[in-house]
Structures are given as structure tokens and as C-alpha cells.
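Before any comments, here is the structure.
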Amino acid sequence: QKNQKCLLDSYNKHLFKKNIYSNFITEYGKRFSGKITRVNKNGELTIMKANKQEVIYSENKIRFET
């Protein structure tokens with residue numbers, strides 16, 4: 001349990017583009033701006049949108065806009 005928390009904390013410290021506003025596209029094609037704030041133990045990303053709303057996305061439900 002303790003090792004799992006340490007691993008998750010370490011992973012969150014090294015998230016790609018953490019706390020940097022980026023453009024995203026949802027699986028339905030909706031575009032928005034936000035920043036990744038953390039990942040949980042299930043691998044779900046928490047993203048804070050430009051309007052300060054926090055939204056959780058599971059794997060393959062969102063991607064960076066290129």
C-alpha cells in the first residue's frame with residue numbers, strides 16, 4: 001500500500017505536460033483547452049479545463065490535439 005502510494009506520487013511528479021495548458025480532443029471530437037493535474041491509481045487523468053472545471057478521463061477517451 002505504502003509502496004503503491006510512493007509510486008503514484010513519483011509518477012504524478014513526472015507527468016508529461018503536467019500543469020501546462022494544452023489543447024485536447026475527446027473521443028467524440030470535442031476540442032478544449034486544459035491542463036493535466038494528476039493521474040489516479042486507475043490510470044485516469046484529471047484535467048482542469050480553462051473554466052477551472054476538473055474532469056476525469058479514462059484511457060483512450062482523450063488525446064492531445066496535434
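We number each residue from 1, following the sequence as shown. All values reported here derive from a predicted model rather than from experimental measurement.
In the hydrophobic clustering (ILVMFWY side chains linked at under 4.5 Å, chained through shared members), I36 is joined by L8, Y11, L15, F16, F24, F32, V39, L45, I47, V55, Y57, I62, F64.
In this structure, T46 contributes its side chain and T37 its backbone to no donor-acceptor pair below 3.5 Å. A donor-acceptor pair under 3.5 Å is absent between the side-chain atoms of N42 and the main chain of E44, judged by distance alone.
With sequence neighbours left out, the side-chain hydrogen bond (donor to acceptor under 3.5 Å, both in side chains) criterion links N23 to no other residue. K41 meets the side-chain hydrogen bond (donor to acceptor under 3.5 Å, both in side chains) test with no other residue; sequence neighbours excluded.
Contact between E54 and R38 at its shortest, heavy atoms only, is OE1-NH2, 3.4 Å. The minimum heavy-atom distance between Y21 and M48, with the atom names listed, is CE2-O, 4.2 Å.
Counting non-hydrogen atoms of neighbouring residues, nucleotides and ligands closer than 6.0 angstrom, the CD atom of Q53 exceeds 12 such neighbours.
A salt bridge links D9 to K5: one of the charged nitrogens lies within less than 4.0 Å of a carboxylate oxygen.
Atom-to-atom distance recorded for N3:CG and S10:OG is 12.0 Å, nearest 0.5 angstrom.
The shortest side-chain heavy-atom distance between I20 and K35 does not fall under the 4.5 Å cut-off.
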